[in-house]
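Report on the structure given below.
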Amino acid sequence: MTAVVSGVEWQRSGEYADIIYETAEGIAKITINRPERHNAFRPQTLFELQDAFNAARDDSRVGVIIFTGAGDKAFCSGGDQKIRGDDGYIGSDDDAVARQGIGRLNVLDLQVQIRRLPKPVICMVAGYAIGGGHVLHVCCDLTVAADNARFGQTGPKVGSFDGGYGSWLLAQTVGLKKAREIWYLCRQYSAEEAREMGLVNTVVPLERLEEETVAWAREMLEKSPLALRMVKGAINTVSDGAAGMQQFAGDATMLYYMSEEAQEGREAFKEKRRPEFDRFPRRP
Ligand code: S0N
């Protein structure tokens, strides 16, 4: 199915109940599609999001991902409080774990996936980015907000908290004092206030939201994909500690594999000869 929005011919694919996956011009757009609950997520939403982010990662035509919510009332209002059990969110009947009565907190896997994905992810926010939905926007590389956007955490008001990226990555983004204010007081902040505290990159009129977000994506698509990958990894390495280092080191190995020097080692093994590494400079 094709939909033309802001001059972009989005091509829909995948069989999903809670999300929409579309691609166009090297961009993947992933939309949470539960507007009747302000795009709150349930376990199935998160499994589908993980699948779509994987599809975008594996598609070599895709260079940038836009993550958004359906409608103009909310990007995402966090975990679906109406299906929250006593130990997490209770999934649907076809979920074997849910059938045992065990809840899930699988948003954490999605947060890590967004951080590890070696392509820029832009969060496109119209309306609310609240609770776990706010944390998802914090995990994205960039945020483009509409002028009707509202940001905030609700955890201490509704009996939850995010002590991971939702706390310390937020603190790294807006500073310790502001992060404490956001969590302790559970206030909502306008798009302009969010921009002033460095929580979003830009604010645009609602009617220009997608056009502007696509323009940012196109600008990045003109840049070197490997350079973007390494910069994303480098920035996240500092805040992700050893796990970030592991990702960054893996990227270094990938770049090494791409060198003639590494390929000489592989060829020598296959040809059962000594590798001729003296052909390569011992760089200063
Ligand atoms: C966003 C708010 C402020 C909007 O208010 P407004 O405009 O008055 O609209 P409403 O009438 O309230 O909402 C419209 C309809 O949407 C439903 N709805 C909204 N949010 C949710 C939600 N989160 N869950 C279920 N339904 C929701 C409303 O109920 C309404 O539908 P009707 O009329 O049919 O009832 C306002 O809606 C609001 O405050 N929403 C709740 C925000 C919230 O508290 N979210 C949850 C916060 N907690 C988390 O997200 C969990 C944290 C987390 O993800 C996590 C972190 C670490 C480890 C694990 C986890 C984990 O839990 O997985």
Side-chain angles (χ1 to χ4, degrees), residues 17-19 30-50 53 67-92 95 97-98 101-116 121 123-140 143 145-173 179-191 193-194 199-200 206 239-240 243:
D18 286 10
I19 71 160
I30 301 174
T31 306
I32 306 176
N33 190 24
R34 303 186 77 218
E36 69 288 355
R37 298 211 177 170
H38 277 346
N39 298 316
F41 51 78
R42 55 179 178 163
Q44 180 169 349
T45 321
L46 296 163
F47 291 131
E48 291 182 4
L49 286 170
Q50 285 181 273
F53 273 101
F67 186 23
T68 192
D72 58 11
K73 300 284 186 294
F75 155 60
C76 177
S77 62
D80 187 330
Q81 299 305 294
K82 293 174 182 168
I83 54 127
R84 185 172 138 194
D86 291 344
D87 61 348
Y89 301 90
I90 300 298
S92 49
D95 177 338
V97 175
I102 298 170
R104 287 188 185 269
L105 298 172
N106 52 332
V107 73
L108 300 173
D109 299 332
L110 178 65
Q111 294 172 0
V112 171
Q113 188 181 10
I114 292 171
R115 297 274 295 173
R116 290 293 185 101
V121 180
C123 193
M124 181 169 83
V125 179
Y128 293 104
I130 290 280
H134 188 257
V135 179
L136 287 175
H137 115 83
V138 169
C139 289
C140 292
T143 298
D147 51 9
N148 75 337
R150 307 282 299 169
F151 298 87
Q153 298 295 157
T154 61
K157 213 165 56 177
V158 298
S160 70
F161 70 94
D162 186 329
Y165 287 130
S167 297
W168 54 263
L169 186 57
L170 179 67
Q172 203 177 44
T173 307
R180 290 193 191 103
E181 176 191 312
I182 291 170
W183 273 102
Y184 295 178
L185 279 67
C186 296
R187 288 183 185 166
Q188 287 178 14
Y189 300 85
S190 69
E193 287 170 316
L199 194 54
V200 309
L206 176 61
S239 43
D240 280 354

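Because the structure is a prediction, the values reported are computed rather than measured. Start at 1 and go down the list; that is how both ligands and their atoms are numbered.
- Residue contacts with ligand 1 leave out K157, since none of its heavy atoms falls under 4.0 Å from the ligand.
- Contact of the I83 side chain with the P43 side chain is registered, since non-hydrogen atoms from C-beta on lie closer than 4.5 Å.
- Residues S160 and R84 have side chains that never bring a donor and an acceptor to within less than 3.5 angstrom of each other.
- Distances from atom 54 (O) of ligand 1 to the protein include at least one heavy-atom value under 4.0 Å.
- The presence of a protein heavy atom under 4.0 Å from atom 13 (O) of ligand 1 is confirmed.
- For atom 1 (C) of ligand 1, a protein heavy-atom neighbour is present inside the 4.0 Å cut-off.
- Looking at G166, G132, S167, A74 and measuring to atom 50 (O) of ligand 1, the nearest heavy atom belongs to G132.
- What sits closest to atom 10 (P) of ligand 1 on the protein, heavy atoms only, is H38 NE2, 4.1 Å.
- Distance CG/L136 to CZ/F75: 5.5 Å, rounded to 0.5 Å.
- For ligand 1 and D162, the ligand atoms under 4.0 Å from any heavy atom of the residue are 56 (C), 57 (C).
- Nearest protein heavy-atom neighbour of atom 43 (C) of ligand 1: T154 OG1, 3.3 Å.
- There is a protein heavy atom closer than 4.0 angstrom to atom 45 (N) of ligand 1.
- Remark: side-chain polar atoms of W183 are not paired, donor with acceptor, to backbone N or O of F161 under 3.5 angstrom.
- For atom 38 (C) of ligand 1, the nearest protein heavy atom lies 4.0 Å or farther away.
- Here the heavy atom of the protein found nearest to atom 4 (C) of ligand 1 is Y128 CE1, 3.4 Å.
- The protein reaches atom 24 (N) of ligand 1 closely, with a heavy atom under 4.0 angstrom from it.
- Judged by distance alone, the side chain of Q188 and the main-chain N or O of F151 form no donor-acceptor pair under 3.5 Å.
- In this structure, the side chain of N39 engages the main chain of R34 through a donor-acceptor pair within 3.5 Å.
- Distances below 4.0 Å separate heavy atoms of F161 from the following atoms of ligand 1: 56 (C), 57 (C).
- Side chains of L199 and V138 form a contact here, defined as non-hydrogen atoms less than 4.5 Å apart.
- If you check which protein heavy atom lies closest to atom 52 (C) of ligand 1, you get S160 OG, 4.1 Å.
- Between the side chain of D162 and the main chain of V135, no donor-acceptor pair closer than 3.5 Å is present.
- In this structure, atom 29 (O) of ligand 1 is in close contact with the protein, since a protein heavy atom lies within 4.0 Å of it.
- Between I182 and L170, the closest side-chain pair of non-hydrogen atoms falls below 4.5 Å.
- Judged by distance alone, with hydrogens and angles left aside, the side-chain atoms of T45 form no donor-acceptor pair with the main-chain N or O of D18 at under 3.5 Å.
- Interface atoms of ligand 1 facing D80, defined by a heavy-atom separation under 4.0 Å, are 24 (N), 25 (C).
- No donor-acceptor pair closer than 3.5 Å links the side chain of R187 to the backbone N or O of E181.
- For atom 58 (C) of ligand 1, the nearest protein heavy atom (residue, atom name, distance) is L108 CD2, 3.7 Å.
- For G155, the closest heavy-atom approach to ligand 1 does not fall below 4.0 Å.
- For the pair D87 (side chain) and G103 (backbone), a donor-acceptor distance under 3.5 Å is present.
- In the vicinity of Q188, heavy-atom distances shorter than 4.0 Å reach the ligand 1 atoms 3 (C).
- Using a 4.0 Å cutoff on heavy atoms, E36 counts as a contact of ligand 1.
- When only non-hydrogen protein atoms are considered, atom 51 (C) of ligand 1 lies nearest to Y89 OH, 3.2 Å.
- To the nearest 0.5 Å, atoms CG (L110) and CG (L49) are separated by 5.5 Å.
- Atoms of ligand 1 lying under 4.0 Å from at least one heavy atom of I130, given by number and element, are 42 (C).
- Taking every heavy atom of A40 and a limit of under 4.0 angstrom, the matching atoms of ligand 1 come to 22 (C), 23 (N), 24 (N).
- Residue N106 holds its CG atom at 6.0 Å from CD of Q50, rounded to the nearest 0.5 Å.
- Contact check for F53 versus E48: no side-chain heavy atoms found under the 4.5 Å cut-off.
- Distance from atom 32 (P) of ligand 1 to its nearest protein heavy atom, with residue and atom name: K82 NZ, 3.4 Å.
- Between the side chain of T154 and the backbone N or O of K157 there is no donor-acceptor pair closer than 3.5 Å.
- Residue contact check: G78 has heavy atoms under 4.0 Å from atoms 50 (O) of ligand 1.
- Against a heavy-atom cut-off of under 4.0 Å, F41 is close to the following atoms of ligand 1: 54 (O).
- What sits closest to atom 40 (N) of ligand 1 on the protein, heavy atoms only, is S77 CB, 4.6 Å.
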